[in-house]
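To start, the structure under review is shown below, and the notes come after it.
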There are 2 protein chains.
Amino acid sequence: MSKYDGTAPVAVTVDLVIFTLRESALQVLLIERGKPPFMGGLALPGGFVRDHEDLRGAALRELGEETGVDGAKLHLEQLRTFGTPGRDPRVRTFTVAYLALGPDLPAPVAGTDAAHARWMPVAQALSPSVELAFDHQAILREGLDRARGKLEYTTVAAAFCQEPFTLADLRHVYEVVWDLDLDPSNFRRKVLKADDFVVPTGAFRAPEVGRPAELYRRGRTELLYPPMVRPA
Amino acid sequence: MSKYDGTAPVAVTVDLVIFTLRESALQVLLIERGKPPFMGGLALPGGFVRDHEDLRGAALRELGEETGVDGAKLHLEQLRTFGTPGRDPRVRTFTVAYLALGPDLPAPVAGTDAAHARWMPVAQALSPSVELAFDHQAILREGLDRARGKLEYTTVAAAFCQEPFTLADLRHVYEVVWDLDLDPSNFRRKVLKADDFVVPTGAFRAPEVGRPAELYRRGRTELLYPPMVRPA
DNA sequence: CCTTGATAAGGTCACATCGACCTAAAGTTA
DNA sequence: TAACTTTAGGTCGATGTGACCTTATCAAGG
């Protein structure tokens with residue numbers, strides 16, 4: 001970039017913050033780096049953007065390589081771009097961070113690119129005991145903040161649920177991501193009053209114990225109005 | 001990028017969507033391009049990110065060059081990164097778009113980099129009669145959407161007001177950006193009930209006609225709770 | 001076969017907020 | 001002084017919310 005003509009060595013990558021709900025915890029997909037820098041350390045999945053490849057396309061490709069999941073069915077949105085000089089010790093690197101949300105995604109499969117990938121509770125990944133490569137801790141932090149905020153005024157919570165799902169499943173998403181308890185009755189009232197947040201299927205699912213719950217699918221609404229208020 | 005090692009010709013730029021209120025209209029700063037491509041056409045201000053320069057730093061520098069304003073006093077946030085192949089016919093270019101909001105900013109000064117810059121009402125810039133270079137129309141559209149949305153649940157509206165300002169000034173921001181009328185009385189109640197959105201100065205300003213209005217300064221709160229609801 | 005326990009479904013009620021509207025205060029202009 | 005304009009502030013019915021209660025429907029156990 002020294003000549004300001006775009007020919008100096010600059011790299012552009014995408015990094016993914018992939019969240020899912022496993023074992024009643026919000027978990028993030030991390031990979032073990034197989035090459036320097038930060039070899040052996042943990043990092044967010046990601047890679048270089050290829051020629052002729054859209055940014056979103058690159059994110060979808062990485063998503064498929066790391067989780068084996070068809071990203072077309074997940075929620076995927078751009079988070080922010082990080083480009084502080086020195087964040088990659090090798091070359092000036094800009095990374096476009098993406099946030100992906102999905103229902104309980106499969107464990108990474110051995111024998112693939114994803115062999116060195118694993119799920120880790122977000123709380124653990126953000127704790128001082130874990131060190132992530134590059135500035136991935138900051139990216140993860142921002143992904144968490146974004147996800148928490150978006151639950152309030154959008155319907156993305158349903159992206160964490162495998163269809164069909166019960167209202168308890170959906171409430172569970174809020175409770176885990178926000179780390180608090182919600183009143184089942186009031187939650188039900190809000191969700192059903194919001195227009196086309198969820199649509200009933202007429203079918204029911206019997207839990208291990210208790211009354212069977214009706215099953216729902218995602219509605220078409222993206223924006224949640226009125227918003228789900230997050231208690232103090 | 002063909003070798004995935006970050007040495008292929010790739011350019012990274014920042015582009016700015018700079019909004020201000022002039023003559024009771026939301027206006028955006030556009031420049032007349034002095035070189036190809038799109039020579040002579042209108043475009044958002046922006047430029048290459050330099051070595052050793054932060055993304056935000058590059059945005060602040062361009063802001064100063066184009067408006068002569070010390071960006072430290074404006075609201076500046078990252079919008080999104082655009083990198084569709086072919087968006088720049090010369091070389092693969094990724095642009096990190098920033099959104100800047102400020103009070104009635106000075107007209108561009110002749111004899112500077114900003115000589116070819118001018119303010120244009122956003123409605124006009126987005127109309128079919130105006131063609132912006134590259135994908136700047138899409139970027140502008142997204143900046144407008146972001147600004148409109150952020151007025152709801154943050155206090156950025158105050159960034160459009162020169163301090164000190166009246167509640168009518170602040171209300172005017174909402175009315176212009178949202179293109180609708182708000183009830184002065186209810187607006188007043190909401191703003192004053194929100195904690196530390198604005199702080200009274202005790203001073204008053206006499207308008208051309210009508211009762212003098214109390215003057216306020218920006219408070220420290222960033223998030224507006226409860227949010228300002230946008231009528232349908 | 002009925003009780004217990006658990007969860008879903010749905011209702012009640014006091015309270016806060018909101019939109020629509022009204023009144024009073026404090027200036028300027030005719 | 002009257003008319004007009006804008007700010008400041010209040011009222012009231014409608015609506016949303018949190019806390020809590022009741023009932024329905026299943027499984028498990030006596």
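Labels below follow one simple rule: chain letters A, B, ... track the order of the sequence lines, proteins then strands, and each chain is numbered from 1.
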May I have the step-by-step check of ring-ring contact (aromatic ring centres under 6.0 Å, His included) for A:Tyr153 and B:Tyr153, ending in yes or no?
CA-CA 10 Å; A:Tyr153 56 96; B:Tyr153 57 95; 5.3 Å; yes

A:Tyr174/A:Phe187 under side-chain contact (heavy atoms from CB on, under 4.5 Å): CA gap, chis, key distance, verdict
CA-CA 10 Å; A:Tyr174 282 90; A:Phe187 179 82; 3.6 Å; yes

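Taking every heavy atom of residues 151-185 of chain B and every atom of DNA chain D, pairs under 4.0 Å involve B:Ala168, B:Arg171, B:Ser185, by number.
Side-chain atoms of A:Thr95 never come within 3.5 Å of backbone atoms of A:Phe82 as a donor-acceptor pair (strictly under, hydrogens ignored). Side-chain atoms of B:Asp135 do not come within 3.5 Å of backbone N or O of B:Arg87 as any donor-acceptor pair. Side chain of B:Glu222 to backbone of B:Thr154: no donor-acceptor contact under 3.5 angstrom is found.
The shortest non-hydrogen separation linking B:Tyr216 to B:Leu167 is CE1-CG, 3.5 Å. Across all their heavy atoms, A:Val199 and A:Gly219 have their closest contact at CG1-CA, 4.3 Å. For the pair A:Leu26 and A:Val176, the tightest heavy-atom approach, listed with the atom from each and the gap, is N-CG1, 3.4 Å. Of all heavy-atom pairs spanning A:Ile139 and A:Leu44, the tightest one is CG2-CD1, 3.7 Å.
In this structure, the nucleotide among D:dG16, C:dC18, C:dA20 sitting nearest to the side chain of B:Pro226 is C:dC18. In this structure, the nucleotide among C:dA20, D:dA8, D:dT17 sitting nearest to the side chain of A:Val229 is D:dT17.
Taking atom CZ of residue B:Arg230 and atom C1' of nucleotide C:dG19, one finds them 18 Å apart after rounding to whole Å. Between A:Phe187 atom CZ and D:dT17 atom P the separation is 13 Å, expressed in whole Å. Rounding to whole angstrom units, NZ of residue A:Lys193 and C1' of C:dA9 are separated by 15 Å. Rounded to an integer number of Å, the gap from CG of A:Leu192 to C1' of C:dG11 is 14 Å. The separation between B:Glu214 atom CD and C:dA26 atom P is 13 Å, rounded to whole Å. Between the CG atom of B:Asn186 and the P atom of C:dA20 there is a distance of 8 Å, rounded to whole Å. Distance, B:Arg205 CZ to D:dT7 P: 11 Å, rounded to whole Å. Note: CE (B:Met228) to C1' (C:dC18) measures 12 Å, nearest angstrom.
In this model, no side-chain donor or acceptor of B:Arg189 finds a partner on the base of D:dG10 within 3.5 Å.
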For every nucleotide of nucleotides 23-30 of chain D, 5' to 3': is a protein heavy atom under 4.0 Å from its base (B), only from its sugar-phosphate (S), or from neither (-)?
-BBBS---

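Put simply, A:Lys190 has no side-chain N or O that comes within less than 4.0 Å of OP1 or OP2 on D:dG16.
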